[in-house]
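In what follows, residues are counted from 1 in the order of the sequence shown.
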Amino acid sequence: MSSAATESAAPQGAEEAPQPIQLTSLSIEQLDMMRKQLGGDLQALRTNLQNLRLAQQRFVSSQAAVTELQDAEEDSEILVPLTSSLYVPGKLVEPDALLVDVGTGFYVRKTREAAAEVMGTKAKYVKTKGDQLQALVEQKAQQLQQVTTTLQRKVEAYEAEKAKAESATKV
């Protein structure tokens, strides 16, 4: 690990090339506030990452479901999902025509192959965004570790100086 004098973390909310903050120049209170902010940011990013991974799984699952329809024939009995856990019986009227959710509640009629391609494309896109978010999560976790380590060192130094001052006044 680098020395305390060179440890830094990027400031929050800056869009331009951020200048690193010298953590050793911050007070204990400022470091604690930064630690809490980074902790909250990290938790939110991890929640978003988890949601992206779940969305990716749903697209892959949808793609697999569309692929399974290749053998379906007209008037086949199927279960139609109303929610993730509620299905109702139905009949497949046009096995090669599917309604695909293209976002914000809009549905487009697609062939099975085109629907599978849409799901595959969406799964790839969400995976790419998830990978980018994973890198950001790792960066924030590293920043949080640096801030926490610097904070611990400053608190230990403060307590040692306080104990030294108390022992000097008792003599």
Under the side chain to side chain contact (heavy atoms under 4.5 Å, CB included) criterion, do Ile78 and Lys91 qualify, and how do the steps go?
CA-CA 6 Å; Ile78 61 169; Lys91 282 192 178 205; over 6 Å; no

Please round to the nearest 0.5 Å and tell me the distance separating atom CE of Met33 and atom OG of Ser27.
8.5 Å

To the nearest 0.5 Å, what is the distance between CG (Leu92) and CD (Glu74)?
8.0 Å

Can you hop from Val88 to Leu98 via hydrophobic side chains spaced under 4.5 Å?
yes

Spell out, yes or no, whether Val66 and Val80 are grouped together once hydrophobic residues are joined by side-chain heavy atoms under 4.5 Å, including indirect joins.
yes

Reported CG-to-CD distance for the pair Leu23 and Gln146, which is rounded to 0.5 angstrom
6.5 Å

Look at atom CD of Gln134 and say whether more than 12 heavy atoms of other residues, nucleotides or ligands are closer to it than 6.0 Å.
yes

Do Thr149 and Gln145 get their side chains close enough for a donor-acceptor pair, meaning under 3.5 Å?
yes

Check ion pair Arg53-Asp131 (N to O, under 4.0 angstrom):
yes

Which residue pairs pass the salt bridge (charged side-chain N to carboxylate O under 4.0 Å, His left out) test when at least one of the two sits in residues 57-70, sequence neighbours left out?
none

Please answer: with hydrophobic residues joined when any side-chain heavy atoms are less than 4.5 Å apart, are Leu136 and Val126 in the same cluster?
yes

Compare every heavy atom of Gln63 with every heavy atom of Ala116, then report the nearest pair and how far apart it is.
O-NE2, 3.3 Å

If you measure from CD on Gln56 to NZ on Lys122, what distance do you get to the nearest 0.5 Å?
14.0 Å

Shared hydrophobic cluster, Leu54 / Val60 (ILVMFWY, side-chain heavy atoms < 4.5 Å)
no

Here the pair of heavy atoms bringing Lys110 nearest to Ala114 is CD-CB, 3.9 Å

In plain terms, say whether Arg112 and Asp96 are close enough for a salt bridge, that is, a side-chain N and a carboxylate O under 4.0 Å apart.
yes

Indicate yes or no: at least one non-hydrogen side-chain atom of Leu45 is less than 4.5 angstrom from one of Leu49.
no

Heavy-atom pair with the smallest gap, counting every atom of Ile28 and Tyr158:
CD1-CB, 4.0 Å

Over all heavy atoms of both residues, which pair between Pro95 and Ala72 is shortest? Give the atoms and the distance, please.
CB-O, 3.7 Å

4.5 Å side-chain heavy-atom contact, Lys124 and Lys127:
no

Closest contact, heavy atoms only, Arg46 versus Ala141
NH2-CB, 4.2 Å

Check: Thr148 side chain, Leu144 main-chain N or O, donor-acceptor pair, under 3.5 Å
yes

If only side-chain N and O atoms count, and only distance matters, is there a donor-acceptor pair under 3.5 Å linking Gln142 with Glu138?
no

Value rounded to 0.5 Å, distance of CZ in Arg153 from CG in Leu31
11.5 Å

Linked, directly or transitively: Val155 and Met34 (ILVMFWY side chains, under 4.5 Å):
yes

Hey, what do you get for CD (Gln143) to CD (Gln139), rounding to the nearest 0.5 Å?
5.0 Å

Give a yes or no on this: more than 12 heavy atoms of other residues, nucleotides or ligands lie within 6.0 Å of atom CD of Gln132.
yes

